[in-house]
Amino acid sequence: MTKNMDSKKIDPCTLVLFGASGNLSRVKLMPGLYRLDSLGRLPDDMKILSVGRSPIAHEDWQAEVRGMLEAKFYNGIDETVFKRFIKRNHYQANVSDDPDAMKKLEVRLTDESVFPQNFAYFLSIRPVDFATVVEQLASVGLTDERKYWRRVLIEKPFGTSLEKAEELQASITKHLKESQIYRIDHYLGKAALQNIMLTRFANHLFEPLWNNEHIDHVQITNNETLGVGDRTKFYDNTGALRDMGQSHLLQTLALVAMEKPIDFQPESIRTEKVKLLQSIRPIDTTNMDKQAFRAQYKEGNAPARDGHSEHVKGYLHELGYESSVETYAAMKLFIDNPRWKGVPFYVRTAKRMHEGSMAISIRFKKAPMELKEGQQQNWLILSIQPKESLKLEVQTKVPGLDIATRSISMDGQLRQETDDSVDSYETLLLNLMEGDPSLFLHIDEVKAQWKLIDPIVKTWAEDKSPVHQYPAGSRDPKDSGVIFESEDQFWRYSIELGGDKH
Ligand SMILES: NC(=O)c1ccc[n+]([C@@H]2O[C@H](COP(=O)([O-])OP(=O)(O)OC[C@H]3O[C@@H](n4cnc5c(N)ncnc54)[C@H](OP(=O)(O)O)[C@@H]3O)[C@@H](O)[C@H]2O)c1
């Protein structure tokens, strides 16, 4: 199993954080680094050089960092930890119209009296700037690994299509070896996602059942109650399928369905994931209606943060113009290998649903004996959000004189109150510094994912028929059921026992 939060040795290093004043840095990265420091996981001599586009004085940056932490940790920050943390923090401006900006960064960073010379670059900047920044770093010798390691973490998305991913890859591999590149999908940092592998391979119970002889179908879900918010422009260029499906959902599928790796070394796990992703049957675009479904939310009553519901606008209203971009995407996928032959994997993601949920729901085949009509089949549900749990539904006898069955649920919480809650970015930041690429994507995974998604995106873009609508705050659009292989299949919701039919 991957050993993410085990203490591994971290070489003295400098984390160079590009985009340090951006949203991701504020909300996840700075707080994550502070938390790692508070847990004693950062080496004493580790430094952080934040890089932004505006010039900021050292004291002002320190105040800025404090502000980020105070905004995140409502209960206050630990002043002793903060004192240690802030000493690690430095700031360097990379002003866009300064041709010498990178040279200045190089001069600053190679001052060994301040910065350890192993560098981990975290590119928390716009995806269109990834290649340029790598090129600039290389031009001043900052990616050279002759004496020290130099790693580059690339935020998601890695390209917006297979072609764009290949272009980005070609551009950055002029300067970097594959072993220097850490392509992030922060979902892989979630403990509950890593738990998929553990559940499968650390229990004798599941593996013998994990195949087409016993499993009827699998559903992989990532639904949100939120709408697109103020990200309309980004979202309309992306859509649900590319935003969530291309990486998060397909990575989850790979973990659920891959063969057992020969060991739990990063390379062995990646090899199996790549094999699995490459064996997903391409969608037949001449018969798309039965394999992929898209829709947009219209106005409706959506769950609000306070537990009540609120009336919200539809996607097109928020956008302000016509668009066929989907806020709901579902696909039916088949894996062409002996283990999974004939088993549909339904993968769906949506905004503005009645509940937020991330789960893997596995329905087993019908029992040999059906004691009453409509008797439920066994379900195994690995819930990742809103709660991390493992739930198995089985049929038992209803006490009494008659022979009748009902579903009961064995529901285990994966998280206990005393367990540490670790944000996925904390795990991934640590892995980057440790040099553990297990939870990062290999280029072959990225390519296989785009290869699968591209034809659907293209077919949808060219399809001028009206896009299905669903009211905000509702369940899956009824018509989405068109992709089910058999009439007795239905979308499973995470919470309700025994499923929920339309
Ligand atoms: N926010 C999230 O929750 C989230 C989630 C998943 C993935 N991501 C990915 O993470 C990356 C960052 O997202 P974000 O939301 O933080 O974006 P953001 O708020 O726009 O922040 C990006 C920051 O990078 C700075 N910047 C741009 N080019 C730079 C350069 N060459 N050198 C140094 N700084 C530079 C920008 O400065 P200026 O403002 O001066 O231009 C800005 O402060 C994106 O690739 C995004 O796709 C974000």
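Hydrogens, waters and symmetry mates are skipped; everything else that's a heavy atom, side chains included, is used. Both ligands and their constituent atoms are indexed starting at 1 by order of listing.
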Nearest-neighbour protein heavy atom for [atom], which is reported as residue plus atom name and distance:
| atom | value |
| --- | --- |
| atom 30 (C) of ligand 1 | Asn94 ND2, 3.5 Å |
| atom 21 (O) of ligand 1 | Gly22 CA, 3.2 Å |
| atom 14 (P) of ligand 1 | Leu24 N, 3.8 Å |
| atom 25 (C) of ligand 1 | Gly19 CA, 3.6 Å |
| atom 11 (C) of ligand 1 | Ile125 O, 3.5 Å |
| atom 22 (C) of ligand 1 | Ser124 O, 3.6 Å |
| atom 41 (O) of ligand 1 | Arg53 NH2, 2.8 Å |

I want to know if ligand 1 touches [X] in the polar sense, i.e. an N/O pair below 3.5 angstrom.
| X | answer |
| --- | --- |
| Ser54 | no |
| Lys156 | yes |
| Tyr425 | no |
| Asn23 | yes |
| Gly52 | no |

* Asked: salt bridge (charged side-chain N to carboxylate O under 4.0 Å, His left out) with Arg183: which residues, sequence neighbours excluded?
  ->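 Residues passing salt bridge (charged side-chain N to carboxylate O under 4.0 Å, His left out) with Arg183: Glu178.
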Salt bridge or not between [X] and [Y]? Use side-chain N to carboxylate O under 4.0 Å.
| X | Y | answer |
| --- | --- | --- |
| Lys313 | Glu318 | no |
| Arg35 | Asp423 | no |
| Glu79 | Lys83 | no |
| Glu388 | Lys190 | no |

* Asked: Would you say atom 44 (C) of ligand 1 has a protein heavy atom nearer than 4.0 Å?
  ->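 There is a protein heavy atom less than 4.0 Å from atom 44 (C) of ligand 1.
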* To do: Please indicate, with yes or no, if any protein heavy atom is found under 4.0 Å from atom 39 (O) of ligand 1?
  =>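 So far as the 4.0 Å threshold goes, atom 39 (O) of ligand 1 is out of reach of every protein heavy atom.
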* Can you list the ligand 1 atoms lying under 4.0 Å from a non-hydrogen atom of Phe130? ->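 In order of numbering, the contacting atoms are 45 (O).
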* To do: Go through ligand 1 atom by atom and flag the ones less than 4.0 Å from a non-hydrogen atom of Phe18.
  =>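 Answer for ligand 1: 32 (N), 33 (C).
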* Fit a plane to each ring of His248 and Tyr187, take the angle between them on a 0 to 90° scale, and name the class: parallel (under 30°), tilted (30 to 60°) or perpendicular (over 60°). =>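 If you compare the ring of His248 with that of Tyr187, the planes turn out parallel.
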* Asked: Which of parallel (below 30°), tilted (30 to 60°) and perpendicular (above 60°) describes Phe440 and Tyr182?
  ->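 Correct class here is perpendicular.
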* From the options Gln136, Glu155, His186, Arg126, select the one whose nearest heavy atom is closest to atom 10 (O) of ligand 1. =>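 Checking each option, the heavy atom nearest atom 10 (O) of ligand 1 is found in Glu155.
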* Which of these, Val27, Val51, Val128, has its nearest heavy atom closest to atom 33 (C) of ligand 1? ->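 Heavy atom nearest to atom 33 (C) of ligand 1 belongs to Val51.
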* Where on Val133 is there a heavy atom closer than 4.0 Å to ligand 1, on the side chain, on the backbone, on both, or on neither? ->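 Val133 to ligand 1: side-chain contact only, backbone stays beyond 4.0 Å.
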* Asked: Which part of Tyr187 is near ligand 1, with near meaning a heavy atom under 4.0 Å away: side chain, backbone, both or neither?
  ->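 Under 4.0 Å from ligand 1, Tyr187 contributes no heavy atoms.
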* Please find out if less than 6.0 Å separates the ring center of Tyr91 from that of His58. =>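 That pair fails the under 6.0 Å test.
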Strictly by modelled atom types, are [X] and [Y] linked by a side-chain donor-acceptor pair under 3.5 Å?
| X | Y | result |
| --- | --- | --- |
| Lys447 | Gln169 | no |
| Arg492 | Gln219 | no |
| Tyr235 | Asp230 | no |

* Quick check: are there more than 12 heavy atoms from other residues, nucleotides or ligands sitting under 6.0 Å from CG of Asp44? ->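 Counting other residues, nucleotides and ligands, CG of Asp44 stays at 12 neighbours or fewer.
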